[in-house]
Amino acid sequence: MNEDRSKKYLNPYLGGTLLGLVLLTAFYFSGRGLGASGAVKSAVVASVEIVAPTHVETTDFYSNYKESHPGGPLKDWLVWEMLGVLVGGFISGAFAGRLKLKVEHSPKITSKVRLIFAAIGGILFGFGSQLGRGCTSGSALSGMAVLSLGGFITMAFIFGTAFALAYIARKLWI
Amino acid sequence: MNMRLKLAMAIIPLGIIIAAVPENTTRPYKLNAEQMLEEVKEGMQFVSPDEVAHMLVQKDPSLQLIDVRDKDSYDKFHLPGAINIPLADILSTENEDYLNQDVTMNVFYSNGATSANEAWMITRQLGYINNYVLQGGLNYYAETIMNPQKPKSTSPDDEFARYDFRQGASAALGGGNLNAATESAPAAAKPVIKKRKKKKRVAGGC
Amino acid sequence: MGPLVVYEIISANTNLVMAFIIGIGFGFVLESSGFSSSRKLAGQFYGYDSTVLKVFFTAAVVAMLGLLFFSLFGWIDLSLIYINPTFLYSAMVGGAVMGVGFILGGFCPGTAFCALSIGKLDALSFIGGLVIGVLLFTEAFPLVEELFYAENMGTPTINEFLNMSRGTFGLILILIALGMFFVAEWAEKKFPREEY
């Protein structure tokens, strides 16, 4: 089984080392770590601004955000980084022959159930990442690399809660 | 060989090294020699005694005088509102909040201008902004503000205006002669604080 | 001397190009490590696959060591690096909410984008959820504002908090990580599952 895995995916320690080097590059060039949820937020704020410009002006949250991100989403570091992730993931998937439209789910549930739970998970993750000032990559991974106390706390709570609820949610996965 | 062991063999020694060596706390110079020369040539750091006296009279809250002489000299005499940061302590961390900020206009002074200028050069090279030097130091300040010389009767009017201001300032600040009225103090040109760009921590996060 | 963008060695626009290139690296490594599979990610919580733990902690340790050595050599000024601020309660509650999202959705935002790039439709659904979640947060912001700003601790690092040097904590983190890897490999042997 182990041999089979090494052909299929990168060795996790090797992958981790490479990911660490990517993260280090981000720190060296840009002085910041990786992130993901911030790109979504940037896109959300920009879309709300197009759909309801007056709402943006009258809501403190949006106007504060716009003030701290003067260039809009096209000048946002994380937006470009996430575009890169799409390209990078595609390249890797193409090399490994994993490009395929599908819904991945446990044999015990249907695709529909999987999609619904993915959406619920997404909503919770979106909300939590804004409350916790960053997601797994932005707060936990990059935070741990710079030894930020907040990064370790966020990491502990993400994985702690997920472990605690794993038994309840086991049908979704096993 | 197991990848985990390989990883462990690489990172444990590195971890031990990093735990054993002291942290690099040296503060790098942020301006290079050319940039420094440019600033020195321009002499932007100097503030004239008149400007300082004017700000003192106006009780301008943005002015912070910093005495860079030793503590004894400071205790014997210092300008009103000045704090004491001896040149030898200019790099100590507790003084960093005073020196590395963008709110007040710090003016270093010493007896002459040399020590004050040295303090400015060190802080400037660290990339700090808003630090200035009292031109001519305390000696020149005493000469011009505390005991101003009456200009010759043939001098242009603004010389007289300056003289009146100096006398006024001198009286208001407890200088030498106390024989002039203070209301004639003209508005000296406000020193232009040229904002220099400060290197800031990168904003990031999700 | 880094970070290069702060020292104006690279311009703001070059920085965005770098973001794109770094993103490509990020996406490539995530995908080739298997982070595009939600069942592989979720496997972490059932003991049958500890890829997440291994990649995550190896990356954190490598980047941390890199930063500490770069600082030691004077290549990077750590005081200019972004350190995420610690707001104790929002970090805890936010982390817990994300944990629930993780176990139900099987992705985190970064891996969802990565999975989308190779055509996983559940990732698309997750990203749709993300957008709704972020929108909910921004619209409900006044309700959570108090929690969001509570217990602001500034930007402490964990070694300051534990009152030890960066390097000492770094070594401890390395040993903890290796200890966890050992346990994880033991668990993988104990709860084997087939590859997805």
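Since the model is a prediction, treat every value here as computed from it, not as a measurement.
For A:Phe152, the part sitting under 4.5 Å from any heavy atom of chain C is the side chain, from C-beta outward, and nothing else. The contact between C:Met18 and chain A is made entirely by side chain atoms (from C-beta outward), counting heavy-atom distances below 4.5 Å. Looking at A:Ala43, neither its backbone nor its side chain comes within 4.5 Å of chain C, counting heavy atoms on both sides. Both the backbone and the side chain of C:Gln44 come within contact range of chain A, each with at least one heavy atom under 4.5 Å from a heavy atom of that chain. Using a 4.5 Å cut-off between heavy atoms, C:Ile76 contacts chain A through its side chain alone, with no backbone atom that close. There is no contact between C:Ile21 and chain A, counting heavy-atom distances below 4.5 Å. Neither the backbone nor the side chain of C:Phe35 comes within contact range of chain A; no heavy atoms are under 4.5 Å apart. Both the backbone and the side chain of C:Phe113 come within contact range of chain A, judged by heavy atoms closer than 4.5 Å. Both the backbone and the side chain of A:Val103 come within contact range of chain C, each with at least one heavy atom under 4.5 Å from a heavy atom of that chain. Residue contact with chain C, scored on non-hydrogen atoms closer than 4.5 Å, involves the side chain of A:Phe95 exclusively. Heavy atoms of A:Ser106 lying under 4.5 Å from chain C belong to its backbone as well as its side chain. For C:Ile10, the part lying under 4.5 angstrom from a heavy atom of chain A is the side chain only. Interface remark: C:Phe107 contributes backbone and side-chain atoms alike to the contact with chain A (heavy atom separation under 4.5 Å). Of the two parts of C:Val61, neither the backbone nor the side chain holds a non-hydrogen atom closer than 4.5 Å to a non-hydrogen atom of chain A. Contacts between C:Val97 and chain A at a heavy-atom distance below 4.5 Å involve backbone atoms as well as side-chain atoms.
Atoms CG and NZ, from C:Leu16 and A:Lys75 in turn, are 6.0 Å apart once rounded to the nearest 0.5 Å. The distance from the CG atom of A:Leu149 to the OG1 atom of C:Thr155 is 10.5 Å, given to the nearest 0.5 Å.
Residues C:Pro3 and A:Phe27 are not in side-chain contact: their nearest non-hydrogen atoms beyond the backbone lie 4.5 Å or more apart. Side-chain contact check for C:Ile118 versus A:Lys100: every heavy-atom pair is 4.5 Å or farther apart.
Closest approach of A:Leu78 and A:Ala39 over heavy atoms only: O-CB, 3.6 Å. Among all heavy-atom pairs drawn from A:Pro12 and C:Thr51, the shortest one is CB-CG2, 4.1 Å. Nearest heavy-atom pair across C:Leu116 and C:Ala123 is N-CB, 3.7 Å.
Using modelled atom types, one finds a donor on one side chain and an acceptor on the other under 3.5 Å when comparing C:Ser90 with A:Arg133. Donor-acceptor pairing under 3.5 Å is lacking for the side chains of A:Tyr9 and C:Ser33. Between the side chains of C:Glu31 and C:Ser117, no donor N or O sits under 3.5 Å from an acceptor N or O. There is no side-chain donor-acceptor pair under 3.5 Å between C:Ser11 and C:Asn13.
Counting heavy-atom pairs under 4.5 Å between each of C:Tyr89, C:Phe126, C:Phe102, C:Phe161 and chain A puts C:Phe126 at the top. Your options are A:Pro107, A:Ser142, A:Ala96, A:Gly160, and the one with the most heavy-atom pairs under 4.5 Å with chain C is A:Pro107.
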